[in-house]
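See below for the structure under consideration.
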There are 2 protein chains.
Amino acid sequence: MKIAFRYRVMLKNKKNVDNIFVIDYNLTIKTNHKINMVAIHFNIKKQRKDIMLKMEDVAKLANVSTATVSRVLSNNKNVSHKTREKVLEIINQLEYKPNKLASNFRKKTSETVAVILPDIENPFFAEIIKGCRDEALKNGFHLLLCDTSNSVEQEKEFTELVKERFVDGIILATARMPKGEIYNLSQEIPVVLACEYVESYEIPTVSIDNVTAAREATEYLLDQGHKRIGIITGPLEVIVSRDRVKGYRQALLLRDIPVQDFFIQEGDFSVKSGYDIMMKFLASEQKPTAIFASSDAMALGALKACKNKGLRVPDDISIIGFDDIPLCTLVEPELTTISQPKYEMGCQAMKMLLNIIDKNDLQQKQIVLPHKLIIRQTTN
Amino acid sequence: MKIAFRYRVMLKNKKNVDNIFVIDYNLTIKTNHKINMVAIHFNIKKQRKDIMLKMEDVAKLANVSTATVSRVLSNNKNVSHKTREKVLEIINQLEYKPNKLASNFRKKTSETVAVILPDIENPFFAEIIKGCRDEALKNGFHLLLCDTSNSVEQEKEFTELVKERFVDGIILATARMPKGEIYNLSQEIPVVLACEYVESYEIPTVSIDNVTAAREATEYLLDQGHKRIGIITGPLEVIVSRDRVKGYRQALLLRDIPVQDFFIQEGDFSVKSGYDIMMKFLASEQKPTAIFASSDAMALGALKACKNKGLRVPDDISIIGFDDIPLCTLVEPELTTISQPKYEMGCQAMKMLLNIIDKNDLQQKQIVLPHKLIIRQTTN
DNA sequence: CTGAAAGCGCTTACAG
DNA sequence: CTGAAAGCGCTTACAG
């Protein structure tokens, strides 16, 4: 039995850059025994930061200056084809990787973008993150994820933290801090709002038309013959919540149906708040026959409450949600909802942000993506 | 009507550090009109990176050297109380923030920890992330989130990317790359495995006892009188999946029930795979009367399949899941499952990692946290 | 197209 | 307890 393999060893002195040895070994093991399994175990030493290869080493071996190596690495055109090839050859041989800490420091950039969002556990944001991430990675940027747990204080703190880190830009998927502060932030550092937006200031934004979407949802319920429609809103300090209430009101007004205050109840986007509010609705004299919830999570809470009270959905009561999270098709009956192009929103927001970072002119500062009513089984 | 407010302006020349002016203004506006709303709009200029305050500026104003300022900032004890106070005073006045890019470069650290996970959309990992994050932030570390989308290639790529960035450590919540590579990685850079583990190498790990947990789940079904129990496994290249099968086998063997190959079907942790496999089970002659799914997602898929086929759960068939994600209580009937201390696992993993980074000795290299069988409504 | 040299803003070993 | 000075590993304006 014979086993052969090759390995490469690199030796480098701490100070003397003229001493880089690249040694390739061929190792052959012969034995008379049969070997069924071979565990080859190299005890690789901790990568010693003090003897890592530097640009200087590459430069010496390639007989050029570090300036040239740097130019090759940054795809600067001012390098002759021949020189570039030579340098690249050495870089490959040594498996040299430039020190990002140094270059970022030098260039005053971190090649990192922060995404600040209210709740990472919410699958709605998971999709947004994926969009952001794919677009960022494609352009060599990393993502710093900041989950504010719905707290304005956390939101402010993160914007500070993140500035100290020299992140190159921020995507705000939550915007609960005062409008003025968000505006100021956007003057200091590239900022794009995703999902949310800020009134009266021109901050780059990607979102859907929440008013129209909510109006359509409500109109659909009206079309089904419902007259007593309750709305479970998101927290009213966030603007998309208010927009959805606005759309709800518009729909009713257009049909000359009076808006009843009792039918407008404020939740907080959580399952529990949907459940609690639904219970309240069900306990009242004038029960609504249909519910429009401002998030799928709340709709699911409401659905649960109905079931617990022995009501059949949609026969006794119709429910419509908002967001179209994957869960919608897992519950019974499947949830009718308004779908937002989540992944696309993430992509677009990141594209916009990278454009701002690159100081390109934006053709459009406000992008409104299309939503869609998805009729499933909780409405009739 | 009269409005008064104060604001502070800081002026600094690019080169001449002796020229820092801090000016406080008091501004008063008087008017005879009634003012209901006042929008005060300062056009704050983009924070110019080239004139940002530096340590040198602080040092000059405090009449000390930058070395001393640096010592104050890093809580080095070799500074007299008086000097420290003086420096701190100036730092506060100027609202000076040290340049993290510079100090990280100098110290060869990034104060960042990477968390590599298979799927950010899975609420199971969201909880783990929260644990990691809280623990990291508490210690001044940032989190770089890397979602591999269940791809081994992505996993490898991220470990490379992340090394280039000088992250101080890595938490692997997925471990599908070859054992040897993971081991090598752990020799180069601090690594802690969360959820998964690697056989035969001593890599710091936080997990539950998957074998025992799976055995208990199966035993519970056996206790309910089930004899034909199917298992929907996770991908068998991941070790926790194999462990759960092992526990399942143990339970059957202990009761002298023969293990049938057909009853062991491999899924991929997704809802869809649970659905598909359940359909396959239901189409067979010898239907199982109970299902143990290796993840809640797959259990939910299976539940859905049963409903679609008109079967009642748990009367016709029992289902038990794994993980205890929030969704469990949202579906009907609520899902019986094995609960993992997700948040705690994240915390512990991060604590361990930070200990390794600080070069503290670990009392324990393998932490096994307790799991718990949670009986709800899908089993009887 | 290329190189010598300055400099980014800190930290730290050394000397006092 | 404090400071002068070197140096971390790059990039870039400048000169040729």
Side-chain angles (χ1 to χ4, degrees), chain A residues 12 14-15 17 20 47-88 90-91 94 96-111 163-166, chain B residues 12 14-15 17 20 47-88 90-91 94 96-111 163-166:
Chain A
K12 175 173 184 295
K14 188 165 175 177
K15 281 288 142 199
V17 295
I20 305 176
Q47 199 165 42
R48 284 187 49 197
K49 291 182 182 174
D50 55 341
I51 56 164
M52 281 177 67
L53 247 32
K54 327 190 225 181
M55 198 168 270
E56 203 184 338
D57 302 330
V58 176
K60 285 243 177 181
L61 284 182
N63 277 318
V64 296
S65 69
T66 59
T68 301
V69 179
S70 178
R71 288 193 191 100
V72 170
L73 250 12
S74 61
N75 284 318
N76 186 314
K77 59 247 137 265
N78 287 330
V79 185
S80 74
H81 181 70
K82 223 179 109 191
T83 311
R84 182 182 302 277
E85 291 297 293
K86 186 174 60 180
V87 171
L88 248 20
I90 300 285
I91 287 177
L94 297 181
Y96 165 72
K97 301 256 184 280
N99 182 330
K100 284 273 179 192
L101 247 32
S103 64
N104 285 347
F105 161 56
R106 193 44 239 274
K107 293 188 293 186
K108 294 188 208 297
T109 149
S110 62
E111 291 179 348
K163 272 194 285 174
E164 280 178 36
R165 287 266 174 157
F166 285 78
Chain B
K12 177 175 183 293
K14 188 166 175 178
K15 283 287 143 201
V17 294
I20 305 176
Q47 199 165 41
R48 284 186 52 196
K49 291 183 182 174
D50 56 341
I51 55 163
M52 280 176 67
L53 246 32
K54 328 190 223 182
M55 198 168 271
E56 203 185 337
D57 302 330
V58 176
K60 284 246 177 179
L61 283 183
N63 275 319
V64 295
S65 68
T66 59
T68 301
V69 177
S70 178
R71 289 192 192 100
V72 169
L73 249 13
S74 62
N75 282 317
N76 185 313
K77 58 243 137 270
N78 287 330
V79 184
S80 75
H81 181 73
K82 222 179 110 192
T83 311
R84 180 180 303 278
E85 291 297 292
K86 187 174 59 181
V87 171
L88 248 20
I90 300 285
I91 287 177
L94 295 182
Y96 164 72
K97 301 257 185 280
N99 181 330
K100 284 272 180 195
L101 247 33
S103 64
N104 285 346
F105 160 56
R106 193 45 238 273
K107 292 188 292 185
K108 295 188 206 300
T109 150
S110 62
E111 291 180 345
K163 272 195 285 175
E164 280 177 36
R165 286 266 173 157
F166 285 77

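Nothing here was measured: the structure is a model prediction, and the numbers come from that model.
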How far apart are the closest heavy atoms of L101(B) and N104(A), and which atoms are they?
CD2-O, 3.8 Å

Within the structure, does a side-chain N or O atom of K108(A) lie under 4.0 Å from either OP1 or OP2 of dT11(D)?
no

Between dG9(D) atom P and M52(A) atom CE, what is the distance in whole Å?
9 Å

When every non-hydrogen atom of R165(A) is compared with those of S110(A), the smallest separation belongs to O-CB, 3.8 Å

Within-4.5 Å side-chain heavy-atom neighbours: D57(B) and K54(B)
yes

Could you list by number each residue of residues 71-81 of chain A showing a heavy-atom separation from DNA chain D of less than 4.0 Å, or answer none if no residue does?
R71(A)

Any side-chain heavy atom of V72(B) sitting closer than 4.5 Å to one from V64(B)?
no

Whole angstrom is fine here: how far is it from CD in E111(A) over to P in dC10(D)?
13 Å

For dT12(C) and dG16(C), measure between their C1' atoms and round to the nearest Å.
16 Å

Atom NZ of K86(B) and atom C1' of dG3(D): how far apart are they, to the nearest Å?
13 Å

Residues touching DNA chain C, which here means a heavy atom under 4.0 Å, drawn from residues 96-106 of chain A:
F105(A), R106(A)

Any side-chain heavy atom of L61(A) sitting closer than 4.5 Å to one from Y96(A)?
no

The dot-bracket string of DNA chain C, counting Watson-Crick and G-U wobble pairs with both distances under 3.5 Å, using [ ] for crossing pairs and | for pairs to another strand, is |||.||||||||.|||

Separation of atom CD in E56(B) from atom C1' in dG7(C), rounded to whole Å:
12 Å

All side chain to side chain donor-acceptor pair (under 3.5 Å) counterparts of T68(B), not counting sequence neighbours
S65(B)

If only atom types and distance count, is the side chain of T66(B) paired as donor or acceptor with the main-chain N or O of M55(B) below 3.5 Å?
no

Would you say dG9(D) has OP1 or OP2 under 4.0 Å from some side-chain N or O of K54(A)?
yes

T68(B) side chain near dG3(D) phosphate (N/O to OP1/OP2, under 4.0 Å)
yes

Per the salt bridge (charged side-chain N to carboxylate O under 4.0 Å, His left out) rule, what does the pair list look like for residues 96-105 of chain B, sequence neighbours excluded?
K100(B)-E111(B)

How do R84(A) and T66(A) order along DNA chain C: which one's closest nucleotide is nearer the 5' end?
R84(A)

Just grab all the side chain to side chain donor-acceptor pair (under 3.5 Å) pairs involving residues 70-80 of chain B, residues at least two apart or on different chains.
S80(B)-T83(B)

Closest non-hydrogen atom pair between F166(B) and K108(B), with its separation
CD2-O, 4.4 Å

N63(A) CG to dA4(C) P, in whole Å, measures 11 Å

Rounded off to whole Å, could you give me the NZ-to-C1' distance for the K107(B) and dC10(D) pair?
19 Å

Heavy atoms, side chains only, cut-off 4.5 Å: are V69(B) and I90(B) in contact?
no

